[in-house]
Every structure is written in structure tokens, then in C-alpha cells.
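In what follows, a single structure is set out as C-alpha cells and then discussed.
When a ligand or atom number is given, it counts from 1 through the structure's own listing order.
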Amino acid sequence: MASIVHKIADALHLHNHDESTPEAAVTEPTPVKESEPRDEAAEAAKAAEDAIIAAHHKAVFDESKVTVIFVLGGPGAGKGTQCANLVKDFGFCHLSAGDLLRAEQNRPGSQYGEMIRTYIREGQIVPMEVTVKLLENAMRDALNEGRDGEGWQDGRGRFLIDGFPRKMDQADMFDDMVCKSSLVLFFTTTEKEMLKRLLKRGETSGREDDNEDSIKKRFHVYKEQTMPVIEHYSKEDKVATIDATATIEEVHEKAKEAIAKLFAGEIGRKTTD
Ligand SMILES: Nc1ncnc2c1ncn2[C@@H]1O[C@H](COP(=O)(O)OP(=O)(O)OP(=O)(O)O)[C@@H](O)[C@H]1O
Ligand SMILES: O=c1ccn([C@@H]2O[C@H](COP(=O)(O)O)[C@@H](O)[C@H]2O)c(=O)[nH]1
């Protein structure tokens, strides 16, 4: 077990830099009695999360300067389409977790390539450490680019994080260790409509998961694992729900209104914008 944890932490450069206690960054799972069933994957994930907490101590980005909006909704609801429009309206940096994972999957020499391919084809959620690190790196790159325009002065930045968090562990890890999110834009429509849109997109997208078998698995994971994330943020009054059944332009108008309300301090968690 220790070797799995160390491998993850090593690969992501997460160990503490205190050479005298090299083991300190990695929490070993609590030993269990012989007779108790063990969930080794959960133990490894928890230990890796603890290692990351120990390495980071606090969130990487200043939540008073960086605005993070999560964009959620079922597969094919139109998240990517709407993000592209909102980038033009508000100068967001649009980061799609799925796109970042596909880029890592195809990066020559990536040690995660095959693992990511399998998870995506099966519609499963890639272990959070990989996705959170990819997002953190992409955010840092954008902030270091020295962008100009509204919301990007004096170390500030604004991000639409599309298709993330898909699972509660990712949500907690990102909010605690990368940056506290301000709002969730939640696009809803029927499964029938999403299936129709995805099968149409699959005619040209080249995506390995735009086929009926993968789509059904993605719907299942969405209901089981992502809906609890929406419920969690709803309890914090951070969800703006938008009916995505309408035309792209109508949905865009509603999404634009929600973002304007966030920046006006009427909904969500206000940053400095
Ligand atoms: N309001 C809409 N009406 C009709 N078609 C739409 C609408 N919004 C998006 N589409 C189309 O549906 C398909 C899926 O949209 P999009 O890629 O934006 O979804 P997504 O939620 O990002 O999907 P995924 O989660 O699979 O990445 C695309 O082909 C897009 O052009
Ligand atoms: O946080 C995430 C986001 C995505 N995935 C995997 O990628 C695919 C495709 O995601 P899209 O948002 O539809 O591009 C998704 O089904 C997951 O397998 C992930 O693991 N974690």
C-alpha cells in the first residue's frame, strides 16, 4: 500500500521538503483487523489526499483575487458550448477538465495516458489527484501569462471550470487546496435530449466516449456521483440552475444573467470583481 501512495505523491511532486522526515507527508492507512474487509483503493486515495494536504497546508490561489465558477450538468447538456460564449462576454479563462485529461492522455510519455483512456471510455472519474493537479497547473499558467482585460489585473483572474467537480472528493479537495469556488452554473435538460446531442456530436467529434455504450455509463456516473455535488453546493446557496433545453442563444442569455448577478454580489460567493 505504501508504494502506491508514494508513487502518486512522487509523480505529482507532493512530498514535504523536510528531508529529515521523508515519510511525514504520507499518512499510512490505519491497520485493520484480519477479519475486516478493506477498501484498498479508498485507503490509497485518502492517504494521497492527506499527503497533498500536508504538502500544501493552504489553498494555492488567493480566493479574494481568483474567481472560480464550476460548470456542471449532464453529459451533452451544453456546458462547453456555453463556456465558449461566456468567455467572450466576461474574459474568463475556460478550463475543461475533460479536455485537460484528454491532452494528458495523448501527451507523449505521460505515465497516466492509458489509465485516463480506460477511465474515460468507461465513463468513470479519473482519480482526483491527477485532475486537480492538471487544473491547478493550468490555472497557474493562465495567471502567469499576464493577461489583460477586466478581472485580470493585480494578480486577479477568473475561471470557468467546465465538467468539474464530478465527485464530492474532488469538490472538497479543490475548494480546500486550490481555491474556494464562487458559483456553480448548473445546466439541466432531459437524458433523451442529451443522448440525441451526444450521438449527433459523435458523428464528428472523434471522442471515444461519444457512443451509446459509453454515454449510458456516463449518465449513470453523473446521477450517482455528480448529483451529490450539486446537492452539496445547493445547501451552500452557490448553484444557479439553468434550463439548457432551449436554444443555444436563449441558454446563453440566462447564463450571462447568472454571472452578472455573481459579479454584482447578488448570488454565490463574491470575490473582488
Ligand atoms: N441548447 C442547445 N440546443 C441544441 N444543441 C446544443 C445546445 N447546446 C449544445 N448543443 C450541442 O450539443 C452537443 C453537446 O454540447 P457540448 O459539447 O457543449 O456539451 P457538454 O455538456 O460540454 O458535453 P460533455 O459533458 O460531453 O463534454 C454539441 O454538439 C452542441 O453543439
Ligand atoms: O473531473 C473530471 C472530468 C472528466 N473526467 C473524465 O472525462 C470524461 C469526459 O469529460 P467531459 O467533461 O465530458 O469532457 C468523463 O466522462 C470522465 O471519464 C474525469 O474523470 N474527471
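Scanning all protein heavy atoms for the shortest distance to atom 3 (C) of ligand 2 gives G163 O, 3.3 Å. With hydrogens left out, the protein atom closest to atom 20 (O) of ligand 2 is V126 N, 2.6 Å, a heavy atom. Ranking protein heavy atoms by distance to atom 17 (C) of ligand 2, first place goes to Q124 O, 3.3 Å. Closest protein heavy atom to atom 1 (O) of ligand 2: Q170 NE2, 3.1 Å. Closest protein heavy atom to atom 7 (O) of ligand 2: I120 CG1, 3.6 Å.
Checked against the 6.0 Å centroid threshold, F159 and W152 count as a close aromatic pair. For F186 and F70, the distance between ring centers is not under 6.0 angstrom.
Salt-bridge annotation for E236 and K180: absent, with no side-chain N of the basic residue lying under 4.0 Å from a carboxylate O of the acidic one. Taking a cutoff of 4.0 Å between a charged side-chain nitrogen and a carboxylate oxygen, R156 and D154 do not qualify as a salt bridge. Salt-bridge formation is not detected for the pair D162/K79: no Lys NZ or Arg NE/NH1/NH2 atom is positioned less than 4.0 Å from an Asp or Glu carboxylate oxygen.
Cluster annotation: Y119 and I125 are assigned to distinct hydrophobic clusters (Ile/Leu/Val/Met/Phe/Trp/Tyr, side-chain heavy-atom contacts under 4.5 Å, transitive).
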Determine, stepwise, if the pair M139 / V68 fulfils side-chain contact (heavy atoms from CB on, under 4.5 Å). CA-CA 10 Å; M139 288 175 70; V68 168; 3.9 Å; yes
Yes or no on salt bridge (Lys or Arg N to Asp or Glu O under 4.0 Å) for K261 and E257, after CA distance, side-chain angles and deciding distance? CA-CA 6 Å; K261 282 187 182 168; E257 276 171 31; 5.4 Å; no
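Panel note: side chain Q170, backbone R166; a donor-acceptor pair is recorded below 3.5 Å.
In K254, the NZ atom is not crowded: 12 or fewer heavy atoms of neighbouring residues, nucleotides or ligands sit closer than 6.0 Å.
When each atom of ligand 2 is checked for a heavy atom of G98 under 4.0 Å away, the hits are 10 (O), 14 (O). When each atom of ligand 2 is checked for a heavy atom of Y119 under 4.0 Å away, the hits are 18 (O). In the vicinity of F164, heavy-atom distances shorter than 4.0 Å reach the ligand 2 atoms 1 (O). Residue I125 approaches ligand 2 through these ligand atoms, each under 4.0 Å from one of its heavy atoms: 20 (O), 21 (N).
The protein residues lying under 4.0 angstrom from ligand 1, judged by non-hydrogen atoms, are G74, P75, G76, A77, G78, K79, G80, T81, R197, L198, R201, R207, R218, A244, A246, T247, I248.
Cation-pi contact between R158 and F263: present, with separation from the ring centre below 6.0 Å and deviation from the ring axis of at most 45°.
Across D209, I161, L101, V221, heavy-atom proximity to atom 5 (N) of ligand 2 is greatest for L101. Closest to atom 15 (C) of ligand 2 by heavy atom, among R166, R218, R207, R102, is R166.
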